[in-house]
Amino acid sequence: TQPIIGGLIASAPSLIGWTIAVILASIMLRRGAVKSERFLLAGASLMLLESLLSIAASVFYLRLVTSSSGSVDTAASMLSIFGLIRGFIKLAGIICIVYAFWVKFKERTKQ
């Protein structure tokens with residue numbers, strides 16, 4: 001339970017922030033389904049997922065380190081693959097958020 005609590009404390013600010021962003025993007029989407037709000041919701045959801053996976057990463061790390069069945073090399077390679085997946089999710093979230101703001105900016109300049 002300590003790794004879960006430690007991971008939760010470490011990622012609490014991002015969890016709170018991205019949860020609020022998902023809620024606000026959902027409210028904006030319900031008021032009018034525009035392309036930028038959809039991408040904002042998708043990006044915020046991906047960033048929230050990445051924050052949740054960071055908690056799982058701390059538990060995963062502890063399990064691999066304390067496991068006697070695998071070697072250190074196996075644990076390191078599994079952690080790097082898990083980190084790579086988290087990185088791709090975070091990159092996709094950032095791209096969605098940047099695209100949402102870019103689309104919104106383009107809409108405002110046309111008017």
Side-chain angles (χ1 to χ4, degrees):
T1 60
Q2 286 181 345
I4 295 172
I5 293 171
L8 188 62
I9 290 171
S11 63
S14 63
L15 281 173
I16 292 169
W18 292 118
T19 302
I20 291 171
V22 167
I23 291 169
L24 291 176
S26 300
I27 291 170
M28 289 170 28
L29 192 60
R30 291 184 91 197
R31 291 189 178 165
V34 181
K35 188 176 185 179
S36 60
E37 279 82 7
R38 289 181 185 157
F39 276 99
L40 180 63
L41 180 62
S45 298
L46 285 170
M47 296 301 284
L48 180 63
L49 175 65
E50 195 277 329
S51 296
L52 289 171
L53 286 177
S54 69
I55 297 170
S58 61
V59 175
F60 188 57
Y61 173 74
L62 184 67
R63 298 274 183 205
L64 284 176
V65 168
T66 59
S67 173
S68 61
S69 62
S71 66
V72 175
D73 294 336
T74 306
S77 66
M78 291 181 82
L79 283 173
S80 65
I81 291 170
F82 191 68
L84 186 64
I85 293 169
R86 283 181 46 218
F88 280 132
I89 291 171
K90 189 172 188 172
L91 180 64
I94 290 170
I95 289 171
C96 286
I97 291 171
V98 168
Y99 184 71
F101 281 104
W102 182 70
V103 167
K104 194 67 163 179
F105 177 75
K106 294 277 285 188
E107 288 174 0
R108 297 231 184 227
T109 56
K110 286 182 181 178
Q111 296 176 354

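Please read these numbers as outputs of a predicted model, since none were measured by experiment.
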Any pair counted as salt bridge (Lys or Arg N to Asp or Glu O under 4.0 Å), so long as it reaches [range], sequence neighbours left out:
range: residues 13-23; value: none
range: residues 10-25; value: none
range: residues 93-105; value: E37-K104
range: residues 6-20; value: none

| request: Report yes if the side chains of L46 and I97 come closer than 4.5 Å at any heavy-atom pair, otherwise no. | output: no

| request: Check whether any side-chain heavy atom of V34 sits under 4.5 Å from a side-chain heavy atom of L29, and report yes or no. | output: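 When only atoms from C-beta onward are counted, L29 and V34 do not touch, as no gap falls below 4.5 Å.
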
Transitive ILVMFWY cluster of [X] at side-chain heavy atoms under 4.5 Å: who else is in it?
X: Y99; result: F39, W102, V103
X: I27; result: I23
X: I20; result: I16, L24

| Honestly curious: do L8 and L48 fall in one hydrophobic cluster under the side-chain, below-4.5 Å linking rule? |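 In one cluster with L8: L48, yes.
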
| query | Hey, what do you get for CG (L49) to OG (S54), rounding to the nearest 0.5 Å? | reply | 10.0 Å

| query | How many angstroms lie between OG in S36 and CE in M28, if you round to the nearest 0.5 Å? | reply | 6.5 Å

| field | Pairs satisfying side-chain hydrogen bond (donor to acceptor under 3.5 Å, both in side chains), at least one member in residues 7-27, at least two apart | value | S14-S51

When the side chains of residues 79-94 are checked against the rest of the protein, which donor-acceptor pairs come out under 3.5 Å, sequence neighbours left out?
{"residue": "S80", "atom": "OG", "partner": "A76", "partner atom": "O", "Å": "3.3"}
{"residue": "S80", "atom": "OG", "partner": "S77", "partner atom": "O", "Å": "2.8"}
{"residue": "R86", "atom": "NE", "partner": "E50", "partner atom": "OE2", "Å": "3.3"}
{"residue": "R86", "atom": "NH2", "partner": "E50", "partner atom": "OE2", "Å": "3.1"}

